[in-house]
Amino acid sequence: QVQLIESGGGLVQAGGSLRLTCAASGSTFKDHGLGWFRQAPGTEREFVAAINWRGGTTEYAESVKGRFAISRDNVRNTSYLQMNGLKVEDTAVYYCAVAFGSGAVPDRVGYRYWGQGTQVTVSS
C-alpha cells in the first residue's frame, strides 16, 4: 500500500508560479512511474505530467508543455510539479499518482494509487 499526500497548492495570480509536492509512504515508490493529474469542476480528471521510475523520461500534456516540470527524488520518496506561467485555465485540484508500472504513463488508467489532491487557483 502506498499513501500519497500533495501539498503546495494555493491562490496565485496569472503569470505566477507554484511548486506542488507529493510525499509518498511505502517502499514501492522508487520502482514505479509517477504522474500528476488535475480536475476542474464539472470536468474529467486529465493528465498533466508523468515521469518514469528513474526520472529520465517525462511526458507532458500539450497544454502545459514549456511551463510545467515534473521531477522526483527517490531517496525522499517525493515528486514535484513546478508550475510556471500559470493561467486561469490551470485552476483545478491537482492529484499525484503512482503507476502500475515503471514508465511515464500519460493516461489515468495506468495508475494504481492516488492522493487526495491540492487546490490550485489562478486569478486573472
Side-chain angles (χ1 to χ4, degrees):
Q1 187 75 14
V2 176
Q3 290 187 321
L4 304 171
I5 300 175
E6 301 95 338
S7 62
L11 174 64
V12 63
Q13 286 190 325
S17 299
L18 284 174
R19 188 175 82 154
L20 305 184
T21 299
C22 175
S25 64
S27 60
T28 60
F29 177 91
K30 60 180 174 60
D31 299 320
H32 293 259
L34 302 173
W36 284 90
F37 294 77
R38 66 187 182 187
Q39 188 169 18
T43 69
E44 295 285 321
R45 190 170 299 186
E46 65 174 5
F47 168 73
V48 175
I51 190 167
N52 74 333
W53 71 285
R54 282 188 176 182
T57 301
T58 56
E59 296 281 347
Y60 294 94
E62 285 295 325
S63 59
V64 307
K65 276 185 181 177
R67 300 189 297 124
F68 290 12
I70 187 172
S71 60
R72 66 187 296 163
D73 183 336
N74 286 345
V75 173
R76 292 180 171 85
N77 277 10
T78 304
S79 175
Y80 305 98
L81 184 68
Q82 178 67 44
M83 305 187 295
N84 299 324
L86 283 161
K87 304 176 180 180
V88 172
E89 51 264 41
D90 294 319
T91 296
V93 177
Y94 283 70
Y95 300 88
C96 67
V98 174
F100 286 102
S102 61
V105 182
D107 191 321
R108 63 181 180 176
V109 300
Y111 290 83
R112 180 177 184 183
Y113 298 110
W114 293 84
Q116 293 299 305
T118 184
Q119 176 70 46
V120 172
T121 303
V122 184
S123 63
S124 60

If every non-hydrogen atom of A104 is compared with every non-hydrogen atom of T57, which pair is closest and at what distance? CB-O, 3.8 Å
Show your working on side chain to side chain contact (heavy atoms under 4.5 Å, CB included) between R112 and V98 and close with a plain yes or no. CA-CA 6 Å; R112 180 177 184 183; V98 174; 5.8 Å; no
Atom pair CZ (R72) and CZ (R54), whose distance is rounded to the nearest 0.5 Å: 11.5 Å
Answer yes or no: is there a donor N or O on one side and an acceptor on the other, between the side chain of E6 and the main chain of C22, under 3.5 Å? no
Check F47, F100, F37 against Y111 for a ring pair (Phe, Tyr, Trp, His ring centres under 6.0 Å) and give me the one that passes. F37
Nearest heavy-atom contact between A14 and S124 is CB-CA, 4.5 Å
Taking everything shown except E46 itself, do over 12 heavy atoms lie less than 6.0 Å from its CD? yes
Minimum heavy-atom separation for S79 to L34, with atom names? CB-CD1, 3.7 Å
Inter-residue atom distance I70.CD1 - Q82.CD, 0.5 Å rounding: 12.5 Å
Ring center gap for W36 and F68 short of 6.0 angstrom: no
Sidechain-backbone polar pair: T91 side chain, V122 backbone, donor-acceptor under 3.5 Å: yes
Got a donor-acceptor contact below 3.5 angstrom from the S25 side chain to the Q3 backbone? yes
Are W114 and V48 linked, directly or through other ILVMFWY residues, by side chains that come within less than 4.5 angstrom of each other? no
Measure the spacing between OG1 of T118 and CG of L81 and express it to the nearest 0.5 Å. 11.0 Å
Correct closest heavy-atom pair for A92 and A40 would be CB-N, 3.8 Å
ILVMFWY cluster, Y80 and V64 together (side-chain gap under 4.5 Å): no
When you group the ILVMFWY residues by side-chain heavy-atom contacts below 4.5 Å and let the links chain together, are V93 and Y113 in the same group? no
Going through the checks in order, is the side chain to side chain contact (heavy atoms under 4.5 Å, CB included) test met by N74 and F29? CA-CA 7 Å; N74 286 345; F29 177 91; 3.6 Å; yes
Below 4.5 Å, heavy atoms only, C-beta onward: do L11 and S123 meet side chain to side chain? yes
Nearest heavy-atom neighbours spanning D90 and R38: OD1-NH1, 2.9 Å
Would you name the heavy atoms of G115 and Y95 that are closest together and state the gap between them? O-CD2, 3.5 Å
Other residues, nucleotides, ligands: >12 heavy atoms within 6.0 Å of E44 CD: no
Between S17 (side chain only) and L86 (backbone N and O only), is there a donor and an acceptor less than 3.5 Å apart? no
Cation-aromatic face contact R67/Y60, 6.0 Å, 45 degrees: no
Nearest 0.5 angstrom please: S102 OG to N52 CG, how far? 7.0 Å
